[in-house]
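Some notes on the structure that comes next.
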Amino acid sequence: MAAHETSDGMPLGIDFGGSGIKGAAVDLTKGDFAGDRVKIKTPRKSTPDAVADVVAELIEKIMKQHPDATGPVGVTVPGVVQHGIVRSAANIDKSWIDVDADEVFTQASGRDVHVMNDADAAGLAEARYGAARDHKRGLVILTTLGTGIGSAFIHDGVLVPNSELGHLEIDGHVAEKRAASSIREEEDLSWEEWGDRLTVYYRTVEKLFTPDLLVVGGGVSRDAEHFLHLIDIRTPIVAAQLQNRAGIIGAALVAQESADS
Ligand code: BGC
């Protein structure tokens, strides 16, 4: 049996995003998908019950490919998640607030589901298998630049959840409303203009927390060569390596580790 597998089978990771809900069976020994990724469109009104139905359907689809994926299921949510309960909903349906998401997904799927913040999952995956895997000591901060800005704090390899650095207020603005990737698209900013905004953002993060390494994730990290060099800060800053696989891999990892503990 591989180091991370238990007799309960391989874990699943599911990533709940604004446009799609995606999942896969995850091989934690390799830190990668064990098979194909399955995707279903996010329901237009993404209420807890509607999303729970999609999660249950995704699990069934993945199980057809991987009947051995009977382990715990990790699900990411783009909001604060405190012990399974969703506490914020900046970019999702407001009806999520104060919902026990662990319970809703476990009921809908009949599986042991563990819910966590999306950036926390991605950050842990990058720390374990990706861009920060050689930084075992000190503070690594991963930020995801997408519809909003997500963040993960990892100190000496341990995640401190729900850091929410996208909601730092800088010069009277909520940071993600100025510097998220969606804002670059909406305001049609050039890479240079966006780079200036990112410099303001990351200088604030650096001033407040003095990280040893910053990792930039989110879909736009694929375009890192266009903007990473424009961010003028002291801290080393690198692109994420697992890109859109990080959330799913991290979700499965957290679910497995909480089931084992
Ligand atoms: C939410 C975070 C989330 C991030 C990325 C922010 O608006 O508050 O919880 O991680 O978006 O989805």
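Note that ligands are numbered from 1 as they come in the structure, with each ligand's atoms numbered from 1 the same way. Counting begins at 1 with the first residue of the sequence.
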Report yes if Asp118 has an N/O atom closer than 3.5 Å to an N/O atom of ligand 1; otherwise report no. yes
Shortest non-hydrogen separation from Val200 to Thr204 and the atoms involved: O-OG1, 2.9 Å
With heavy-atom distances below 4.0 Å as the criterion, list the atoms of ligand 1 near Gly150. 4 (C), 5 (C), 10 (O)
Ligand 1 to Ala90, heavy atom cutoff 4.0 Å, flagged ligand atoms 7 (O)
Ring-face cation of Arg184 near Trp191 (centre distance under 6.0 Å, axis angle within 45°): yes
heavy-atom search around atom 7 (O) of ligand 1 in the protein gives Glu176 OE1, 2.8 Å
Among Lys177, Glu164, His167, which residue places a heavy atom closest to atom 2 (C) of ligand 1? Glu164
With side-chain hydrogen bond (donor to acceptor under 3.5 Å, both in side chains) as the test, would you mind laying out the steps for Asp15 and Thr76 before giving the verdict? CA-CA 5 Å; Asp15 193 11; Thr76 73; 2.5 Å; yes
Check ligand 1 against Asn117 and write out every atom of the ligand that is under 4.0 Å from a heavy-atom position of the residue. 2 (C), 3 (C), 9 (O), 10 (O)
Do Asn162 and Phe153 make a side-chain contact, defined as non-hydrogen atoms from C-beta onward lying under 4.5 Å apart? no
Output the list of atoms in ligand 1 that are nearer than 4.0 Å to some heavy atom of Ile149, sorted by atom number. 4 (C), 6 (C), 11 (O)
Atoms in ligand 1 flagged as close to Gly79, the criterion being non-hydrogen separation under 4.0 Å: 9 (O)
Identified salt bridge (charged side-chain N to carboxylate O under 4.0 Å, His left out) counterpart of Arg203 within the set Asp232, Asp171, Asp196: Asp232
Ring centroid separation for Trp96 and Phe16, is it under 6.0 angstrom? yes
